[in-house]
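Below you'll find the structure, written out as structure tokens, and then a few comments.
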Amino acid sequence: MGVDAGTAEPALSARGRVGYGVGISGLWMVFMTVAFYLFYFYTDVFGLSPAQAGLVFFGATMWDAVSDPAMGWLASRTRTRWGQYRPYILIGAVPLCIAFVIMFSRPDWAAGHLVVYALGAQLMFRTAFTVVYIPYTALIARLSRNADERASIAGVKTFFVAAGSLTVSFFGLPLVDQLGRGDDLRGFFLTALLFGCLSIVTLTLCGLVTKETALSNSGAHSDTSSPIAALKALFTNPAFVLVFAGVIVFTGCYATLNKTLVYFFEYDIGDRSQVRWALSAVSVAGLVSPFVWAKLTHLTSKRVTWLAGCLLATAALLIFYIAAPRSAAVITAFYFIAGCGIQAFLMTFYAITADAIDYGEWLSGIRVEAIGFGLLSFANKTSLAIGGGLLGWLLGQVGYTAGAVQTPETIAGIRAILVFVPCAGFLASSAIIWFFPVSTARHNAVIEALNARRQLT
């Protein structure tokens, strides 16, 4: 192992980076199945109206407001021989798989009761996801305190994010068709079971390989477990507030894009199976673009990378709307370019959050790590709820009827939702993160100041 120049800590080995990254591939199979297909499953298979589906997504966020910070608090108080975060990754993998599969099941209930089942199943899933996801994301702050190495770790992680997403986008609907053999309900259930089992394997590997060593070697302050002190420190930390807001507006509108693509291909292009090419293009972009974005980050900052990605994705979507291509190949090319921009955000926002947490400790003297990542997870899942609720409302506004032949006005409305909602979120996110105060140089200075402060205590 080498040594980080900025922190005098052992650099994370390739095995450690890959071990950390592989965990997100399984998590992302689960997460992106929800992001890509759950809304469509609700309206066209399960039997909910768009408004009911949007209500389920939005209503589950109320539970996230409690469970995500609570999980952060619990993780902040956890001390075991296996580490602070790894036990949750290992223990939570199986319950997460079970909850995920239940969500893609439908009981033989009256139509009016199905919305209750859908909400209950999603609450169960979100709780299980939180138990694994928050410790996993917080773990990056324990792997390294060096800003450049965090960017490098985030690049490796983004590669595995793309691998998990690509698995779902390319094989998802074909698996539903193949396993269901004409029965979409059966197909979605068996596909969810397959992806859920794969997530158990990857999360177990991550939990076994990854070690929480970097911060314990550096003598860092303990993470606070006081909710009141944590919330006060976080929301008086301008860097964290900006990331929190930027994540909500970006991810919410990105979620709308993902959910709308299936409707676009089924009702506008006329072939649902072709959606896998556009969804996969975004994922493939995650396999190649992180290396470019990592280089840009090293040369400039995470803020610049975030901004550049947002602008690239916006430009690609607007040109797509103006050109109005009908060929799946051309549509896929546009989404590959947009996906390159989206990947800049996906590889940046957790690493930039870790920087914001260090900055907050420098400002207040209080380290808010686990609860901070818990709130970021809440922001992320709030975005999914906003995206789902907004899509349900917008589909109703454009006259969408599940399974029917759509009017030209409805098809035009679906195309507009697909482009203008994500563009608005990307640009708003850029405007917010423009003011992020922690450059790479400033973060290095913050770490030096924190190390000097600890030597005096």
Side-chain angles (χ1 to χ4, degrees), residues 18 20-41 96-97 100 104 125 129 132-133 136-137 154-176 188 191-192 194-203 206 247 250-262 265 273-293 309 312-313 316-317 331-350 377 380-381 383-384 387-388 422 426:
V18 172
Y20 179 67
V22 75
I24 199 65
S25 62
L27 274 173
W28 232 241
M29 287 182 206
V30 170
F31 183 80
M32 295 313 289
T33 301
V34 173
F36 288 157
Y37 305 126
L38 185 59
F39 199 95
Y40 176 83
F41 172 79
L96 174 60
C97 172
F100 177 61
F104 282 94
F125 166 75
F129 190 83
V132 177
Y133 185 61
Y136 176 84
T137 55
V156 174
K157 175 172 168 279
T158 302
F159 177 88
F160 283 100
V161 165
S165 181
L166 181 60
T167 301
V168 172
S169 61
F170 191 78
F171 295 107
L173 288 180
L175 279 170
V176 170
F188 272 106
T191 300
L194 175 60
F195 289 156
C197 290
L198 288 173
S199 73
I200 293 176
V201 173
T202 62
L203 287 168
C206 174
V247 166
F250 184 102
T251 313
C253 295
Y254 173 43
T256 303
L257 181 152
N258 287 332
K259 296 179 194 329
T260 309
L261 266 172
V262 182
F265 272 90
S273 66
Q274 295 298 313
V275 72
R276 66 175 177 160
W277 297 106
L279 290 174
S280 297
V282 178
S283 303
V284 170
L287 298 176
V288 297
S289 63
F291 302 102
V292 177
W293 296 127
L312 177 62
L317 289 175
I331 295 170
T332 298
F334 274 107
Y335 273 86
F336 173 78
I337 297 170
C340 288
I342 290 166
Q343 296 301 330
F345 166 83
L346 294 178
M347 73 165 281
T348 300
F349 77 96
Y350 279 118
S377 175
N380 209 10
K381 289 192 282 185
S383 301
L384 284 178
F426 298 164

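Since we're looking at a predicted model, the values are computed, not measured.
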Val34 side chain reached by Phe125 side chain, heavy atoms, under 4.5 Å: yes

For residues 340-348, please give each side-chain donor-acceptor pair under 3.5 Å, one per line with the distance, not counting sequence neighbours.
unit_1 : atom_1 : unit_2 : atom_2 : d
Gln343 : NE2    : Val282 : O      : 3.1
Thr348 : OG1    : Ala344 : O      : 2.5

Within 6.0 angstrom of Phe159 CZ, more than 12 heavy atoms from elsewhere: no

Parallel, tilted or perpendicular: rings of Phe426 and Tyr254 (30°, 60°): tilted

Criterion side chain to side chain donor-acceptor pair (under 3.5 Å) against Ser165, the qualifying member of Ser280, Ser283, Ser25: Ser283

Identify the two heavy atoms, one from [X] and one from [Y], that lie closest to each other, and give their separation to 0.1 Å.
| X | Y | answer |
| --- | --- | --- |
| Gly286 | Pro290 | O-CG, 2.9 Å |
| Cys197 | Cys97 | N-SG, 3.7 Å |
| Lys259 | Ala35 | CG-O, 3.2 Å |
| Ala313 | Ala338 | CB-O, 3.6 Å |
| Met29 | Val168 | O-CG2, 3.3 Å |
| Gly172 | Thr191 | O-CG2, 4.1 Å |

Any donor-acceptor pair under 3.5 Å from Tyr136 side chain to Tyr20 backbone: yes

If you round to the nearest 0.5 Å, how far is [atom2] of [Y] from [atom1] of [X]?
| X | Y | atom1 | atom2 | result |
| --- | --- | --- | --- | --- |
| Phe36 | Leu257 | CZ | CG | 9.0 Å |
| Asn258 | Met32 | CG | CE | 4.5 Å |
| Phe160 | Leu166 | CZ | CG | 13.5 Å |
| Leu261 | Tyr335 | CG | OH | 4.5 Å |
| Thr332 | Leu279 | OG1 | CG | 9.5 Å |
| Ser273 | Phe265 | OG | CZ | 9.5 Å |

Side chain to side chain contact (heavy atoms under 4.5 Å, CB included) between Leu27 and Phe129, intermediate numbers included: CA-CA 8 Å; Leu27 274 173; Phe129 190 83; 3.8 Å; yes

From CA spacing to verdict: side chain to side chain contact (heavy atoms under 4.5 Å, CB included), Phe188, Leu173: CA-CA 8 Å; Phe188 272 106; Leu173 288 180; 4.1 Å; yes

Side chain to side chain contact (heavy atoms under 4.5 Å, CB included) between Tyr37 and Val176, intermediate numbers included: CA-CA 11 Å; Tyr37 305 126; Val176 170; over 6 Å; no

Side chain to side chain contact (heavy atoms under 4.5 Å, CB included) evaluation trace for Phe171 with Leu194: CA-CA 11 Å; Phe171 295 107; Leu194 175 60; over 6 Å; no

Partner set under ring pair (Phe, Tyr, Trp, His ring centres under 6.0 Å) for Phe170, not counting sequence neighbours: Trp277

